[in-house]
Amino acid sequence: MTKPFALIVEDDRDIAEIFNLSLEGAGFVTEVVRDGQVAFERLAEIVPDVVVLDIHLPGIPGNDILKFIRSNERLAETQVMLVTADAARGEELRGESDLLLLKPVSPLQLRTLASRLIS
Amino acid sequence: MEYFGVVSLSTLWLLLALRYTGREKWLASAKLRLLFIVPILTLLAIWTNEAHGLMWHQVVIDPSDPFPILYWMRGVWFWVFTVYTYLLLLLGTILLIETVVRSHDLYRGQAVVLLIGALVPWIGNALYLFGFDLFGRLVPTPVLFTFTGVAMAWGLFRFQLLDIVPVAREAVLESMSDAVIVLDEQNRIVDLNAAAQSLIDSPTSEVVGKPFSQLLPIGLDSIQRWEERSETRNEMILEDEDHKQYTFDPRVSLLHDRRGKLAGRLLVLRDITERKQIEEALRLARDQALESSRMKSRLLANVSHELRTPLGAILGYSEFLRDGTYGSVSEEQVDILEKIIESTSYLSRLVSQLLEQAKIEAGQTTLNMLPFSLQELVERVESKSSIEARAKGLSLLFRLEDVPNIVIGDERKIEQILLNLVSNALKFTGEGEVQVRIYRCDEHQLALQVTDTGPGIPDDMREEIFKPFRRVDDSVTREHGGIGLGLAIVEQLVMLMEGRIELETALGTGSTFTVFLPIDYEKETL
């Protein structure tokens, strides 16, 4: 069985690193992008099983990326975990995402929930 | 004695006229006593007439008459007295006529009756004096005064002569601080009171007859608008030479004549400048308070938001360290890392509470009603709070009774309510247990019940504990930490969901918080 693929879109270097370590530990193949524009370009090429998506991002904001994923037939199977420190914006997008997590997110929590999403 | 009335009559008449026309202040004057000099002298002259004959020269009995009647020839003082009497009479009458002309319709009748009653005997008397025989040789005065009596009686009953003096009405208008302007049907000024005069700043004589729009910066359209009261609050702003603005509350009443035809308008302008200034000050104060409340909410939200990211880094790295991701760690190091993780979790809950409170205060909290699993919600709360329960050696029991798994509600807020209640119970319970019961009250109500074996809540704190930043005891803050937002948030969220909270508590035994929430159940799961 091929390993699940997770794209982590998070601008904070430390948080991105923690998410990366956490998901690698859960058996994911990961890729980290720290800019909305880059995430957009990558999503035109790859089909991740899970996207861990921050909302406040340089370049293109997370909500636009979420919209792009939802409107793209090719990414129909992709699960989106919205991870944000902005509770208000997060709440607005809760319905469109597969899971909403408010920061701080513990590595254990992320690992467990991501694995549950793709199972 | 019979002459006493006759000599003082004209003076008393003038006094009546003065009083009736509102010149009381003249009545108070000491000079008024001078008016009685001539009557008193006359009275003296009458009594001593035999000695000097100043009143009458001769007294003759007409022997040819079957009824002998007294005849007299008038003396010098008689004519002095007569002239004086008629002068006073004339003065009083002029005053009355003036009032008749100026009075309101209602009172014009009164004044006319008074005038007739007074004038008839005097005119009759004058005619008699100058030789017109009205009743043969009889002195007509008593007969004519009978007429006066009738006229006065009529005035008394028909026009309530003594009830209200028209002057009272006029005095009210004149002393009113509201400007009163009477307009005719072509909107020309007919009358105005003192306040209106000072507003227009021209003497009455120059103002009467002119269209009001020439004198006041008001258009006909505004008058019509005020008349209809089409706006809940009409306002008129006038500016004086120093550009100081005055605000008036204008009222317009239509005046109709007897046949119901429009006769004019009554315009009343009330100066509400001061009230407006107070209102404005209040509005400013309110705006500032609202603005600072918004600032506070924004600041809290920003701070919470900015704190979350580094908290995530601390939490994440600590967990990796503990789990040996970066190399092996000793048992002691694991313990310390556990403490870091625990404190970080606690800190992140505080941040969440601050943010929640800020959002509620800013009125940004809205309900997000979606189907969710109660079972999963309870599991999350259980896993989050069991660490704290274990750390304190308390038993924590969750019971889900007769509740369908999927319900419709605001999942995150219900979770927050339950989490806050449980965490509050754990925090204040020294030993024993915390029990959580979730059950269905009826088709539309869900109950979340949290019972602890803590110290209980004193009666006077039953309401206080739900206020933000309040604690039963400040020493508790030092001992247990926290900022006193948990229950405040619970209450506010419950209110938002239109639910209610019940509290049963006994000192030394424990407390039970029960939250009732209106909720919908998914049809198929019922």
Side-chain angles (χ1 to χ4, degrees), chain A residues 8-28 30 32 34 52-58 61-62 81-114 116-117 119, chain B residues 297-298 300-326 341-342 344-360 362 364-372 376 379-380 383-384 387 410-413 415-416:
Chain A
I8 298 162
V9 189
E10 165 65 60
D11 63 324
D12 186 278
R13 184 189 299 270
D14 290 330
I15 301 296
E17 167 68 6
I18 289 164
F19 288 174
N20 191 26
L21 274 175
S22 170
L23 292 180
E24 271 179 4
F28 282 83
T30 59
V32 175
R34 295 186 23 225
V52 177
L53 185 61
D54 189 12
I55 295 177
H56 293 275
L57 288 169
M81 293 174 79
L82 214 50
V83 183
T84 180
D86 188 337
R89 295 289 286 125
E91 277 303 318
E92 288 169 23
L93 298 169
R94 182 191 276 275
E96 286 172 62
S97 65
D98 294 292
L99 194 70
L100 172 70
L101 287 175
L102 279 186
K103 287 180 185 173
V105 176
S106 89
L108 179 66
Q109 204 184 355
L110 187 76
R111 201 183 307 159
T112 316
L113 293 169
R116 196 185 285 176
L117 266 184
S119 66
Chain B
S297 302
R298 238 190 340 261
L300 273 173
N302 284 345
V303 166
S304 306
H305 181 239
E306 289 305 313
L307 283 173
R308 280 170 188 276
T309 305
L311 278 175
I314 297 170
L315 196 64
Y317 285 129
S318 305
E319 273 189 33
F320 285 132
L321 274 174
R322 182 196 61 189
D323 299 345
T325 313
Y326 299 109
I341 292 163
E342 204 179 299
T344 311
S345 305
Y346 174 67
L347 200 55
S348 85
R349 277 207 302 280
L350 278 191
V351 168
S352 299
Q353 289 191 353
L354 272 176
L355 184 65
E356 193 66 53
Q357 180 64 25
K359 269 173 67 187
I360 292 170
Q364 288 171 356
T365 312
T366 49
L367 290 178
N368 202 0
M369 308 296 275
L370 288 169
F372 69 93
E376 282 175 26
E379 277 169 18
R380 280 199 301 275
S383 86
K384 280 182 191 171
I387 307 163
D410 192 313
E411 180 180 10
R412 202 185 61 80
K413 293 191 180 70
E415 181 175 334
Q416 175 120 51

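Residue numbers begin at 1 in each chain, while the letters A, B, ... track the order of the sequences.
- Going from atom CZ of B:Phe320 over to atom CD1 of A:Ile18 covers 6.5 Å, rounded to the nearest 0.5 Å.
- When the shell of 6.0 Å around CZ of A:Arg13 is examined, it contains 12 or fewer heavy atoms from other residues, nucleotides or ligands.
- For chain B, the nearby part of A:Asp12 is the side chain; its heavy atoms alone come within less than 4.5 Å.
- In this structure, the portions of B:Thr309 lying under 4.5 Å from any heavy atom of chain A include both its backbone and its side chain.
- Within the 4.5 angstrom heavy-atom criterion, only side-chain atoms of A:Ile15, from C-beta onward, approach chain B.
- Taking CD from B:Glu319 and CD from A:Gln109, the interatomic distance works out to 8.5 Å, rounded to the nearest 0.5 Å.
- The two atoms that bring B:Ser348 and A:Pro104 nearest to each other are CB-CG, 3.2 Å, heavy atoms only.
- Proximity to chain B involves both the backbone and the side chain of A:Leu108, based on heavy atoms less than 4.5 angstrom apart.
- Summarising the geometry, atom CG belonging to A:Leu100 is positioned 8.5 Å from atom CZ belonging to B:Arg412; distances are rounded to the nearest 0.5 Å.
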